[in-house]
**Student:** 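Can you keep this structure in mind? I'll have questions shortly.
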Amino acid sequence: MPELPEVETTRRGIEVHALGHRIERIVVREARLRWPVSPEVASESAGRHIVAVGRRGKYVSFALEDGGHLLLHLGMSGSVRVVAMTTPPFRHDHVDIVLDSGRALRLNDPRRFGSLHYIHGDPARHPLLAHLGPEPLDGVLDGDYLHARSRGRRSAVKAFLMDSRVVVGIGNIYANEALYRARIHPARAAGRISLARYRRLAEAVKAVLAEAIAAGGTTLRDFTASDGRPGYFRQQLDVYGRAGKPCRRCGTALTERRLGQRSTVYCPNCQR
DNA sequence: ATATGAGCCTGTATGC
DNA sequence: TGCATACAGGCTCATA
């Protein structure tokens, strides 16, 4: 599912084809996404050049020459492919961003939890982005920060790690993986974890995300990069999807349970 | 303020 | 075989 590494993989794939190109038009075949796609997405974008392709958390942003931005979220099942404009759309191909190169950025999203917005002005002040925590790979995230933010929090550290107001980009898969690497039990109260252990956790988060990006993300079912290829990090997952299998460190069978309505897998022996 | 649960949506897997 | 139900997951909103 698209977490930070999958979104970054998408961004990189798109950037090559989008940067410096003009948007000819945007075709919306299905406007009923997470939020209805506003008509101004098409009307404000047509004829404008794309001057940057960025990412904030799990959002991809297209900066347009006049200062406006398109903000794209892949939800849980979204993907973008770069196709020839003339390629017939397939099921769930909801939006085409048609470029002057004759190609189109084609958004496919079976579950329609994704979104596409046009933003006037500073995107950082948009309600969807204004309250987001720091980027995990930007250097701001460290053990001291996580320790400070978690004081007084009684909920599970896994939920804390997945809270986008604390830090962005970490969804269910990578929360499981990072906690395993840091040897922290996912159900432990966030406010009762030491600074030393948060330092380990911060490093684990950065390492697992960086490695996943290098592998092109994790493909479970829907996700493909913009060239249609899947991500290959699945083979490197230590716990997610491995319930009942032996822990790679100690051989103990991995436990699965639900935590905050999310599938949680961990080693009952080496995660404390 | 934090914490929890519902709901959005479709495809796939499981149970009867 | 068919039908019903559960589950997957990111995010926001409503409620405690």
Side-chain angles (χ1 to χ4, degrees), chain A residues 1-11 29-37 55-61 71-80 89-95 107-117 119 123 126-133 135-136 146-178 186-193 205 209 212 217-224 230-231 233-234 237 239-244 256-265:
Chain A
M1 302 300 143
E3 298 182 33
L4 188 149
E6 292 73 39
V7 177
E8 178 61 20
T9 297
T10 299
R11 189 200 68 77
R29 296 184 199 85
E30 173 58 83
R32 295 174 302 167
L33 303 186
R34 177 72 171 83
W35 290 279
V37 178
R55 180 185 58 73
R56 178 75 177 97
K58 296 171 189 167
Y59 290 91
V60 174
S61 69
L71 193 66
L72 171 69
H73 198 291
L74 298 177
M76 297 196 291
S77 59
S79 60
V80 176
F90 197 61
R91 193 161 152 76
H92 305 309
D93 283 342
H94 305 313
V95 177
L107 171 65
N108 181 283
D109 185 3
R111 273 157 275 186
R112 289 197 270 126
F113 279 17
S115 64
L116 183 61
H117 285 85
I119 297 177
H126 189 275
L128 290 172
L129 302 184
H131 304 292
L132 294 181
E135 290 287 329
L146 289 177
H147 184 258
R149 283 296 302 263
S150 62
R151 292 311 89 185
R153 287 241 200 174
R154 305 169 79 171
S155 61
V157 61
K158 180 160 174 265
F160 172 72
L161 206 52
M162 291 172 67
D163 185 342
S164 63
R165 292 164 304 183
V166 174
V167 57
V168 296
I170 305 168
N172 197 41
I173 295 174
Y174 297 108
N176 278 301
E177 295 298 314
R188 181 167 290 276
R192 298 179 145 225
I193 293 172
V205 164
L209 293 179
T218 299
T219 294
L220 297 178
R221 189 174 296 135
D222 306 288
F223 177 74
T224 59
F233 195 69
R234 185 175 189 171
L237 297 175
V239 286
Y240 188 88
R242 292 193 67 241
E256 176 164 25
R257 69 146 140 168
R258 299 193 70 73
L259 203 61
Q261 292 99 253
R262 294 279 149 77
S263 163
T264 302
V265 189

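Letters go in sequence order (proteins before strands), and every chain restarts at 1. As a basis for the values below, the full set of heavy atoms in this structure was taken, side chains included, without hydrogen atoms, waters or symmetry mates.
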**Student:** Toward the 5' end of DNA chain B, which comes first, A:L33 or A:G260, by nearest nucleotide?
**Tutor:**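 Closest to the 5' end, via its nearest nucleotide, is A:G260.
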**Student:** Think A:S155 has a side-chain N or O under 4.0 angstrom from the OP1 or OP2 of B:dA3?
**Tutor:**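 Answer is yes, contact under 4.0 Å.
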**Student:** To the side chain of A:R258, which of B:dA3, B:dC9, C:dA8 is closest?
**Tutor:**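 Closest nucleotide among those given: C:dA8.
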**Student:** Is A:H73 close enough to C:dC11 that one of its side-chain N or O atoms is under 4.0 Å from OP1 or OP2 there?
**Tutor:**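 Checking A:H73 against C:dC11: at least one side-chain N or O falls below 4.0 Å of OP1 or OP2.
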**Student:** In Å, rounded to the nearest 0.5 Å, how long is the span from CG of A:L33 to NE2 of A:H117?
**Tutor:**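 Result: 9.5 Å between the selected atoms.
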**Student:** For B:dG11 and A:H92 - does any side-chain N or O of the residue sit under 4.0 Å from the phosphate oxygens OP1/OP2?
**Tutor:**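 Checking B:dG11 against A:H92, a side-chain N or O does come within under 4.0 Å of OP1 or OP2.
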**Student:** Roughly, in whole Å, what's the span from NE2 in A:H131 to C1' in C:dC11?
**Tutor:**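 It is 14 Å, rounded to the nearest whole Å.
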**Student:** Find the bend of the helix from B:dT2-C:dA16 to B:dC16-C:dG2 as the angle between its two terminal axes (five pairs each), to the nearest 10°.
**Tutor:**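 The angle, to the nearest 10 degrees, is 60°.
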**Student:** By the 4.0 Å heavy-atom rule, please label A:S263 as base, sugar-phosphate, or nothing.
**Tutor:**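 Since only primed, P, OP1 and OP2 atoms lie under 4.0 Å of A:S263, the category is sugar-phosphate.
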**Student:** Below the 4.0 Å mark, does B:dG11 have OP1 or OP2 next to a side-chain nitrogen or oxygen of A:R111?
**Tutor:**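 No, A:R111 has no side-chain N/O under 4.0 Å of OP1/OP2 on B:dG11.
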**Student:** Could you tell me how far apart A:F90 (CZ) and B:dG11 (P) are, to the nearest whole angstrom?
**Tutor:**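 Distance, rounded to whole Å: 11 Å.
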**Student:** Is there a donor-acceptor pair under 3.5 Å between the side chain of A:R56 and the backbone N or O of A:S61?
**Tutor:**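 Checked: no pair found.
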**Student:** Which is true for A:L74 with a 4.0 Å heavy-atom rule: it touches a base, it touches only sugar-phosphate, or it touches nothing?
**Tutor:**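 Here A:L74 touches no strand at all.
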**Student:** Within this structure, what is the CZ-to-P distance between A:R165 and C:dC11, rounded to whole angstrom?
**Tutor:**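 So the CZ-P distance, A:R165 to C:dC11, works out to 12 Å.
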**Student:** Tell me the interatomic distance from A:L128, atom CG, to C:dT12, atom P, rounded to whole angstroms.
**Tutor:**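 For the pair A:L128 CG and C:dT12 P, the rounded distance is 6 Å.
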**Student:** Which heavy atom in A:S263 sits nearest to a heavy atom in A:R258, and how many Å separate them?
**Tutor:**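 Looking at all heavy atoms of both residues, the closest pair is N-NH1, 4.1 Å.
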**Student:** Test side-chain contact (heavy atoms from CB on, under 4.5 Å) on A:R149 and A:D163; report intermediate values, then the result.
**Tutor:** CA-CA 11 Å; A:R149 283 296 302 263; A:D163 185 342; over 6 Å; no
**Student:** Over how many whole Å does the gap from A:F160 atom CZ to B:dA3 atom P extend?
**Tutor:**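 Rounded to the whole Å, the gap is 10 Å.
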**Student:** Taking NZ from A:K158 and C1' from C:dG10, how many angstroms apart are they, rounded to a whole number?
**Tutor:**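 It works out to 13 Å between those atoms.
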**Student:** Could you tell me the separation between the CE atom of A:M76 and the CG atom of A:L74, rounded to the nearest 0.5 Å?
**Tutor:**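 Rounded to the nearest 0.5 Å, the CE-CG separation comes to 12.0 Å.
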**Student:** Rounded to the nearest 0.5 Å, what separation is found between the CZ atom of A:R29 and the CG atom of A:L107?
**Tutor:**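 It comes to 10.0 Å.
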**Student:** Output yes when at least one side-chain N/O atom of A:R153 is less than 4.0 Å from OP1 or OP2 of B:dA3, else no.
**Tutor:**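 It does, given that an N or O in the side chain of A:R153 lies less than 4.0 Å from OP1 or OP2 of B:dA3.
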**Student:** From the list B:dA3, C:dG10, B:dT10, which nucleotide is the closest neighbour of the side chain of A:R112?
**Tutor:**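 The listed nucleotide nearest to A:R112's side chain is B:dT10.
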**Student:** At under 4.0 Å between heavy atoms, what does A:R34 touch on the DNA or RNA strands: base, sugar-phosphate, or nothing?
**Tutor:**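 If one applies the 4.0 Å heavy-atom cut-off, A:R34 turns out to touch a base.
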**Student:** Tell me: CD of A:E3 to P of C:dA8, nearest whole Å?
**Tutor:**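 Distance, rounded to whole Å: 14 Å.
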**Student:** Quick one: are A:L237 and A:R242 in side-chain contact, heavy atoms under 4.5 Å?
**Tutor:**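 A side-chain contact under 4.5 Å is absent here.
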**Student:** Rounded off to whole Å, could you give me the CG-to-P distance for the A:D109 and B:dG11 pair?
**Tutor:**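 It works out to 11 Å between those atoms.
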**Student:** Verify the neighbour count for atom CZ of A:R151: are there more than 12 heavy atoms of other residues, nucleotides or ligands below 6.0 Å?
**Tutor:**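 Result for CZ/A:R151: enclosed.
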**Student:** On the nucleotide B:dG11, are OP1 or OP2 found under 4.0 Å from the side-chain N or O atoms that A:R91 carries?
**Tutor:**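 Yes, within the criterion.
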